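Heads up: the structure comes next, in structure tokens.
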Amino acid sequence: MSPAVPAAAQPAPAGRPAPDPHPVPHPSDARTILDRCDELAAVSSTHHGITRVYLSPEHARVNALAAGWMTAAGMTTWQDAAGNQRGRYEAAEPGAPAILLGSHLDTVPDAGRYDGILGVLLAIAVVERLHRAGTRLPVAVEVAAFGDEEGTRFGTALLGSRALAGTWDDAWWQLVDEAGTTLRDAFTAFGLDPAAVGDAAPPRGSVVGYLEAHIEQGPYLLEADRALAVVSSIAGARRFELTMTGVAGHAGGVPFHRRHDALAGASEVVLAVERLARDADCVATVGRLEAFPGGVNVIPGLVEFSLDLRGEHDDRRDEVWAAVREAAAEVGERRGLAFAAHETHSAPAVVASPALRDVVRDGIAATGDTDPMVLFSKAGHDAMAVAELTDWAMLFVRCGNGGISHHPDEIVTLADVAVALDAFEASVRALAERSR
Ligand code: HGY
Ligand code: MN
Ligand code: MN
């Protein structure tokens with residue numbers, strides 16, 4: 001891999017602004033980012049591991065930490081009407097449109113410490129560099145630390161970024177968490193006014209584009225021995241809560257031919273999900289499954305399970321869903337079970353805007369990787385929601401440990417964070433120049 005050379009040390013390619021003649025790239029910028037990842041990782045609702053959900057006390061604490069770092073980077077800060085932590089680094093001309101940078105601070109259960117977090121901190125670090133150099137760009141730079149990308153608490157994902165994009169759906173107010181708290185009640189308990197959620201969206205035309213840096217959450221950069229990639233598109237995702245209903249009974253007394261075993265039936269559906277998705281080049285996961293009543297000597301009469309289904313193309317993904325429903329109906333028919341499904345989340349596949357992809361590609365090239373890798377993201381990101389508001393592009397950063405993510409073993413290297421920061425800074429500067 002070509003050695004990463006800081007953007008500032010590169011001669012300015014023709015047509016692009018010369019980088020600051022006396023850059024002050026703090027060798028510790030990447031170290032500071034990783035130290036902040038560790039600081040945020042300590043904010044969890046669990047004693048072991050990292051779990052941080054939307055509108056929780058932990059969410060409030062990481063917003064406060066991010067606000068402090070944003071302020072130190074010369075930004076004005078506010079918590080928006082949906083609980084996202086926002087910051088703005090003013091342009092040379094106050095009130096100018098802004099480049100929006102962002103990612104999320106919430107996590108899955110027992111998460112890694114870089115998913116979303118690294119993107120927020122890289123964004124703040126880019127602004128810190130501008131502030132330190134006394135640079136004012138022709139556009140402002142705003143950072144959004146989104147409060148709910150994962151959907152861990154209420155099942156529906158991208159709530160924070162959808163509020164910012166202006167695509168909030170009032171039907172979501174009735175969503176409930178495991179404790180039975182509605183999203184509406186959680187809003188008010190967090191100090192937010194549900195009626196004002198629309199205020200999270202910036203005025204139309206005030207955002208020139210959205211750039212998000214994020215860990216790859218896969219093995220491809222690692223296998224290619226590359227640190228960075230530009231994202232081509234993001235898979236469209238649908239999530240469901242499924243039930244298989246049979247008849248509970250005595251584990252000894254009921255002969256097989258008389259059983260309506262909900263768990264045996266659900267198990268056949270789980271395997272059909274895997275087969276049908278794989279055959280269609282989609283991805284599908286049953287992440288949660290619970291059998292009731294749950295006695296070791298009781299035939300399960302009810303199974304509740306989840307389905308996360310994604311595809312590069314929405315129509316192909318939807319065909320898989322139709323085939324899963326068909327397979328489940330056949331299992332139900334044969335075993336005397338009832339299958340039901342309730343959709344909890346849907347987000348269409350989105351394609352990065354060519355112009356912003358070029359900006360990210362140029363940013364990577366400015367670090368010495370002159371032929372940046374391009375990756376399709378099967379992981380979902382806030383960019384899927386922000387795509388409703390403005391053009392977007394993403395920068396991927398290599399994951400170590402085989403690319404593992406949504407797992408405590410998620411890891412990145414100091415060197416990759418350093419080169420990602422240089423690339424992200426160069427991308428922001430290039431987009432600012434294009435936005436003149
Ligand atoms: O599920 C995803 O792909 C993302 O991490 N929310
Ligand atoms: Mn995630
Ligand atoms: Mn993420």
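Order of appearance sets the numbers: ligands from 1, and atoms from 1 within every ligand. For this chain, numbers begin at 1 and follow the sequence in order. On a predicted model such as this, the values are computed, not experimentally measured, just so you know.
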>> Quick check: of its N, O or S atoms, which one does His406 have closest to the Mn ion (ligand 2)?
In response: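 Output for this pair reads NE2.
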
> So which of the N, O or S atoms of Glu150 lies nearest the Mn ion (ligand 2)?
Replying inline: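 Of the nitrogen, oxygen and sulfur atoms in Glu150, the Mn ion (ligand 2) lies nearest to OE2.
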
Which of the ligand 1 atoms, numbered from 1, are nearer than 4.0 Å to a heavy atom of [X]:
X	value
Gly380	2 (C), 3 (O), 4 (C)
Arg310	1 (O), 2 (C), 3 (O)
Ala379	3 (O)
His406	1 (O), 5 (O)
Glu150	4 (C), 5 (O), 6 (N)

>> For Trp173 and Trp168, take the angle between the two ring planes, folded into 0 to 90°, and tell me which bin it lands in: parallel under 30, tilted 30 to 60, perpendicular over 60.
In response: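 Rings of Trp173 and Trp168: tilted, as their planes differ by 30° to 60°.
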
> Relative to the ring of Phe240, is the ring of Trp321 parallel (under 30°), tilted (30 to 60°) or perpendicular (over 60°)?
Replying inline: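 Trp321 vs Phe240 ring planes: parallel.
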
> Centroid-to-centroid, Trp172 to Tyr54, below 6.0 Å?
Replying inline: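 For Trp172 and Tyr54, the ring centres are not under 6.0 Å apart.
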
> Pick from Glu241, Glu178, Glu304: which one makes a salt bridge (Lys or Arg N to Asp or Glu O under 4.0 Å) with Arg288?
Replying inline: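 The option that passes is Glu241.
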
I'd like to know if [X] pairs up with [Y] as an ion pair, taking the criterion as any Lys NZ or Arg NE/NH1/NH2 lying under 4.0 Å from an Asp or Glu carboxylate oxygen.
X	Y	answer
Arg398	Asp225	yes
Asp261	Arg335	no
Arg357	Asp391	no

>> Taking 2.8 Å as the cut-off, does Asp115 contribute an N, O or S atom near the Mn ion (ligand 3), distance below it?
In response: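 Checking Asp115: at least one N, O or S atom is under 2.8 Å.
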
> the Mn ion (ligand 3) to His381: any N/O/S contact under 2.8 Å?
Replying inline: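 Checking the Mn ion (ligand 3) against His381, no N, O or S atom falls under 2.8 Å.
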
> About how large, to 10 degrees, is the angle NE2 of His214, then the Mn ion (ligand 3), then NE2 of His104?
Replying inline: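 If I round to 10°, I get 110°.
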
